[in-house]
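Each residue takes its place number in the sequence, starting with 1. Just so you know, ligand 1 is whichever comes first in the structure, and atom 1 is the first atom listed for that ligand.
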Amino acid sequence: MSHETGDCLFCRIRDGEVPSTKVYEDEQVIAFKDINPKAPLHVLIVPRKHIATINDITEADAGLAGHLFLVAKQVAADAGYGDIGYQVQMNCLKGGGQVIFHIHLHLLAGGRSGPLLPAG
Ligand code: AMP
Ligand code: ZN
């Protein structure tokens, strides 16, 4: 798995080279349905900027990082989960369950609530 932009799946989705089911986009982020949903609503909120992991977020990205949460709130509300509730999660590195090395916020709703990663 490369940490470079060149062969990054989410950069390719951003650029329209790989199809996705988009539910939201603006100048900073795109959001699309997870291909292997773990809940009735499972959307990935992805900055257009390639940032490989949480460890690579800098102070200059603080506004962008915050914006991911505002988009999660909006997408959840649009899908009818604003008052019911939802989960957001971002994984960091293999030990934290990260598979795609372009940061993304998981938005999940409508399923059994609980941790996305098994304990231990
Ligand atoms: P993570 O383990 O946090 O890196 O999450 C990666 C997520 O990307 C997983 O939930 C996958 O199901 C999802 N995923 C992988 N390929 C695609 C794709 N082509 N379109 C949408 N979601 C994908
Ligand atoms: Zn990327």
Side-chain angles (χ1 to χ4, degrees):
M1 176 68 64
S2 169
H3 290 209
E4 301 304 317
T5 310
D7 60 353
C8 169
L9 176 63
F10 286 175
C11 283
R12 297 187 68 204
I13 287 177
R14 174 199 64 206
D15 295 341
E17 295 167 12
V18 171
S20 68
T21 305
K22 270 202 206 108
V23 299
Y24 175 90
E25 66 180 313
D26 63 26
E27 65 287 344
Q28 292 185 86
V29 310
I30 60 171
F32 51 86
K33 291 190 174 170
D34 195 290
I35 205 166
N36 180 24
K38 292 168 185 67
L41 179 72
H42 189 173
V43 168
L44 303 176
I45 298 150
V46 182
R48 290 186 185 276
K49 178 181 179 184
H50 180 90
I51 300 170
T53 80
I54 294 174
N55 289 340
D56 300 299
I57 296 174
T58 68
E59 202 60 48
D61 301 315
L64 176 58
H67 186 62
L68 299 178
F69 283 90
L70 296 176
V71 172
K73 177 179 84 167
Q74 185 66 50
V75 172
D78 289 348
Y81 291 104
D83 294 326
I84 295 168
Y86 50 90
Q87 292 180 291
V88 294
Q89 177 165 328
M90 189 180 287
N91 301 325
C92 184
L93 294 175
K94 277 196 179 134
Q98 187 176 9
V99 173
I100 309 287
F101 283 78
H102 178 144
I103 61 166
H104 49 281
L105 203 58
H106 293 261
L107 166 65
L108 297 112
R112 187 177 58 84
S113 62
L116 299 181
L117 281 175

Restricting H50 to its N/O/S atoms, the closest one to the Zn ion (ligand 2) is ND1

For Y81, the ring pair (Phe, Tyr, Trp, His ring centres under 6.0 Å) test, sequence neighbours excluded, returns none

Kindly give the heavy-atom pair with the smallest separation between A39 and G111, and that separation in Å.
-> CB-N, 4.3 Å

Taking ring pair (Phe, Tyr, Trp, His ring centres under 6.0 Å) as the test, write out the residues that go with H67, two or more places apart.
-> none

To the nearest 0.5 Å, atom CG of L9 lies from atom CD1 of I35 at 8.0 Å

Identify all side-chain donor-acceptor contacts of residues 95-103 below 3.5 Å with residues at least two apart in sequence or on another chain.
from : atom 1 : to   : atom 2 : distance (Å)
Q98  : OE1    : L93  : N      : 2.7
Q98  : NE2    : A52  : O      : 2.9
Q98  : NE2    : I100 : O      : 3.0
H102 : ND1    : H50  : ND1    : 3.3
H102 : NE2    : P47  : O      : 2.8
H102 : NE2    : K49  : O      : 3.4

Closest to the Zn ion (ligand 2), among the N/O/S atoms of H102, is atom ND1

Within the heavy-atom cut-off of under 4.0 Å, ligand 1 is lined by L9, F10, I13, F32, K33, D34, I35, N36, K38, L44, N91, G97, Q98, V99, I100, H104, H106

Relative to each other, are the rings of H42 and H106 parallel, tilted or perpendicular (30° and 60° limits)?
-> tilted

Report the distance from atom CG of L107 to atom CZ of F69, rounding to the nearest 0.5 Å.
-> 11.0 Å

